[in-house]
Enquirer: 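Submitted below is the structure of interest, expressed as structure tokens.
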Amino acid sequence: MAAAGASGAGELAYGIREKSELVFDQTTGHSQGLAADESQGADLAQESSNPVGSLTMFNIKTSLALVDSREGPYSDRTDTSLIINVQPVIPITLSEDWRLLMRPVIPLINQPYRTFATAGSRRHKTLVDTGTDYTFGLGDIVFAAMLSPVSKEAEGFIGGLGPTFMFPTATDKILGRGKWSLGSAGFLGYSGKGWIAGIFPQHWWSVGGDPDRNDVSLTQAQYFAMLGLGNGWQIGMAPTITIDWLQKDPDNRWTVPVGLMLAKIVHVGKVPVKIAASAEYSVFRPRTIPSAEWNFWLQLTPILSF
């Protein structure tokens with residue numbers, strides 16, 4: 001995510017680029033520079049939570065999901081799925097009033113799948129679950145480009161709109177959908193004093209690809225709220241709702257998680273890095289197809305322009 005409130009490239013409304021001098025106040029006995037650094041850390045944390053701002057960032061998100069189904073053949077045990085999403089956020093300032101946000105997502109996936117064998121007589125064959133195997137590889141790459149008005153105020157509504165694409169880049173059939181898909185992406189939120197909240201939906205329709213694979217009509221909507229705790233700390237949530245509209249059984253269409261996230265801005269040398277960790281639980285999820293009941297993720301975000 002990137003920052004809002006910039007009037008030009010690399011310039012933030014909160015003055016994050018300004019370096020404070022370490023000045024010892026002989027009257028109070030406190031470091032004025034330390035207080036300024038803490039304030040800048042809090043501002044940078046909030047700016048990094050804004051999907052349509054001016055920060056260039058390199059997100060690396062590692063998710064561990066506990067996967068099963070509520071009913072059916074996948075409900076007897078829980079498997080684990082590991083996803084590493086590489087998510088650069090690249091803002092381009094087009095003018096004093098407009099900014100273009102480019103957001104590719106490159107997934108590396110270690111996906112479980114059940115293996116079965118046939119048993120019984122020729123007339124009465126049955127499938128026997130023989131265990132879980134895994135395949136690892138590249139998933140379908142997603143790319144969104146959103147045009148956003150540059151906010152002139154530190155507080156107020158923020159938003160963006162643009163196209164989104166899903167490419168059939170998966171190295172294994174079970175790691176992707178096998179379709180060229182496109183659609184729209186948008187963001188609407190509010191940035192307040194010490195907090196930010198919003199929703200970032202995307203929807204894709206398939207327009208080509210493997211004719212033997214199912215068509216795609218898929219919605220993902222990340223909703224988030226982050227509250228600053230001071231000194232670069234934040235608490236909040238950022239789950240993603242998924243709706244697979246073409247599932248024949250309506251009970252298999254929705255995945256709705258809730259979660260709790262804690263984040264902190266630290267410095268590695270001179271580079272600010274946001275570290276965030278979250279636990280999410282799906283209060284609604286598919287009935288008979290495998291999905292994540294619990295999802296735990298850790299995200300490291302070097303901030304490359306600030």
Side-chain angles (χ1 to χ4, degrees), residues 61-85 87 105 107-116 127 129 131-137 139-140 142 144 164 166 170 172-179 181 183 185-186 197-206 213-226 236-262 276-299:
K61 181 179 178 181
T62 302
S63 303
L64 178 67
L66 305 183
V67 178
D68 62 7
S69 63
R70 293 187 287 127
E71 300 176 16
Y74 300 99
S75 63
D76 59 333
R77 68 176 182 273
T78 300
D79 299 316
T80 58
S81 173
L82 180 69
I83 301 176
I84 301 173
N85 280 332
Q87 303 171 258
V105 179
L108 299 173
I109 306 171
N110 192 43
Q111 182 73 13
Y113 62 93
R114 298 289 178 91
T115 57
F116 296 88
L127 288 177
D129 186 345
T132 300
D133 207 344
Y134 289 83
T135 185
F136 176 80
D140 288 344
V142 170
T164 182
M166 185 183 297
D172 191 283
K173 184 176 181 179
I174 69 171
L175 299 180
R177 294 178 176 266
K179 293 288 189 177
S181 302
I199 186 167
F200 176 28
Q202 300 185 78
H203 184 86
W204 300 272
W205 293 274
S206 56
R213 303 293 298 275
N214 293 331
D215 289 336
V216 173
S217 179
L218 179 70
T219 299
Q220 290 186 341
Q222 184 184 45
Y223 67 99
F224 72 93
M226 298 299 294
M237 61 178 180
T240 298
I241 297 170
T242 299
I243 313 169
D244 192 346
W245 296 101
L246 298 185
Q247 286 290 336
K248 294 182 180 179
D249 185 348
D251 288 340
N252 286 334
R253 293 176 182 170
W254 288 75
T255 303
V256 182
V258 296
L260 181 65
M261 178 171 64
L262 192 64
S278 179
E280 298 174 355
Y281 176 76
S282 295
V283 293
F284 298 103
R285 62 193 184 101
R287 181 172 61 89
T288 59
I289 61 177
S291 62
E293 181 177 18
W294 283 96
N295 186 34
F296 305 94
W297 56 261
L298 175 69
Q299 182 166 292

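Sequential numbering from 1 along the given sequence is applied to the chain's residues. Reckoned from all heavy atoms, side chains included, excluding hydrogens, waters and symmetry mates.
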Enquirer: Just jot down the salt bridge (charged side-chain N to carboxylate O under 4.0 Å, His left out) partners of Arg253, sequence neighbours excluded, or say none.
Expert: none
Enquirer: CG of Leu175 to CG of Asn110: how many Å apart, nearest 0.5 Å?
Expert: 9.0 Å
Enquirer: Only counting residues at least two apart or in another chain, list the ones meeting side-chain hydrogen bond (donor to acceptor under 3.5 Å, both in side chains) with Gln247.
Expert: Asp244
Enquirer: Can you check whether Glu71's main-chain N or O pairs, donor with acceptor, with Ser69's side chain at less than 3.5 Å?
Expert: yes
Enquirer: Could you tell me whether Tyr134 atom OH has more than 12 heavy atoms of other residues or ligands within 6.0 Å of it?
Expert: yes
Enquirer: Output all residues satisfying side chain to side chain contact (heavy atoms under 4.5 Å, CB included) with Ala225, sequence neighbours left out; order by chain, then residue number.
Expert: Ala197
Enquirer: Taking Ser63 for the side chain and Trp297 for the main chain, is one N or O donor matched with an acceptor at less than 3.5 Å?
Expert: no
Enquirer: Quick one, Trp254 with Ile241, criterion side chain to side chain contact (heavy atoms under 4.5 Å, CB included). Give me CA distance, side-chain angles, the key distance, then yes/no.
Expert: CA-CA 8 Å; Trp254 288 75; Ile241 297 170; 4.3 Å; yes
Enquirer: Considering residues at least two apart in sequence or located in another chain, which fulfil the salt bridge (charged side-chain N to carboxylate O under 4.0 Å, His left out) criterion with Glu293?
Expert: Arg285
Enquirer: Does a side-chain heavy-atom distance below 4.5 Å link Thr164 with Val142?
Expert: yes
Enquirer: Do Ser81 and Gln111 have side-chain atoms, one donor and one acceptor, less than 3.5 Å apart?
Expert: yes
Enquirer: Check Gln87 against Gln299 and note the closest heavy-atom contact, atom names and distance.
Expert: OE1-OE1, 4.0 Å
Enquirer: Taking only residues two or more places apart in sequence or in another chain, which ones pass ring pair (Phe, Tyr, Trp, His ring centres under 6.0 Å) with Phe136?
Expert: none
Enquirer: Quick one: CZ on Arg70 to OG on Ser282, what's the gap to the nearest 0.5 Å?
Expert: 10.5 Å
Enquirer: Listed by chain and number, what are the salt bridge (charged side-chain N to carboxylate O under 4.0 Å, His left out) partners of Arg77, not counting sequence neighbours?
Expert: Asp79, Asp129
Enquirer: Among all residues two or more places apart in sequence or in another chain, which pass the side-chain hydrogen bond (donor to acceptor under 3.5 Å, both in side chains) test with Ser217?
Expert: His203
Enquirer: Checking Ser181 now: which residues fulfil side chain to side chain contact (heavy atoms under 4.5 Å, CB included) with it, not counting sequence neighbours?
Expert: Met166, Lys179, Trp204, Ser206, Val216
Enquirer: With sequence neighbours excluded, tell me which residues meet side chain to side chain contact (heavy atoms under 4.5 Å, CB included) with Pro286.
Expert: Asn252, Thr255, Ile289, Ser291
Enquirer: Using the side chain to side chain contact (heavy atoms under 4.5 Å, CB included) criterion, which residues pair with Pro239? Sequence neighbours excluded.
Expert: Tyr223, Met237, Pro257, Glu280
Enquirer: Please give me the minimum heavy-atom distance between Pro107 and Asn85, naming the atom from each residue.
Expert: CB-OD1, 3.2 Å
Enquirer: How far apart are the C-alpha atoms of Leu108 and Ile83, what are their side-chain angles, what is the distance that settles it, and do they pass the side chain to side chain contact (heavy atoms under 4.5 Å, CB included) test?
Expert: CA-CA 6 Å; Leu108 299 173; Ile83 301 176; over 6 Å; no
Enquirer: Would Leu246 and Asp215 satisfy side chain to side chain contact (heavy atoms under 4.5 Å, CB included), going step by step from the backbone distance to the final call?
Expert: CA-CA 8 Å; Leu246 298 185; Asp215 289 336; 3.8 Å; yes
Enquirer: Can you tell me how far the CG atom of Asn214 sits from the NZ atom of Lys248, to the nearest 0.5 Å?
Expert: 8.0 Å
Enquirer: Apply side chain to side chain contact (heavy atoms under 4.5 Å, CB included) to Leu82 and Thr62, showing your working.
Expert: CA-CA 7 Å; Leu82 180 69; Thr62 302; 3.7 Å; yes
Enquirer: Who pairs with Tyr113 by side-chain hydrogen bond (donor to acceptor under 3.5 Å, both in side chains), at least two apart in sequence or on another chain?
Expert: Asp133
Enquirer: Quick one: pull up CE in Met226 and CE in Met261 and give me the separation to the nearest 0.5 Å.
Expert: 3.5 Å
Enquirer: Could I get the full list of ring pair (Phe, Tyr, Trp, His ring centres under 6.0 Å) partners for Trp294, not counting sequence neighbours?
Expert: Tyr281, Phe296
Enquirer: Which value, rounded to the nearest 0.5 Å, describes the distance between Thr219 atom OG1 and Ile243 atom CD1?
Expert: 5.0 Å
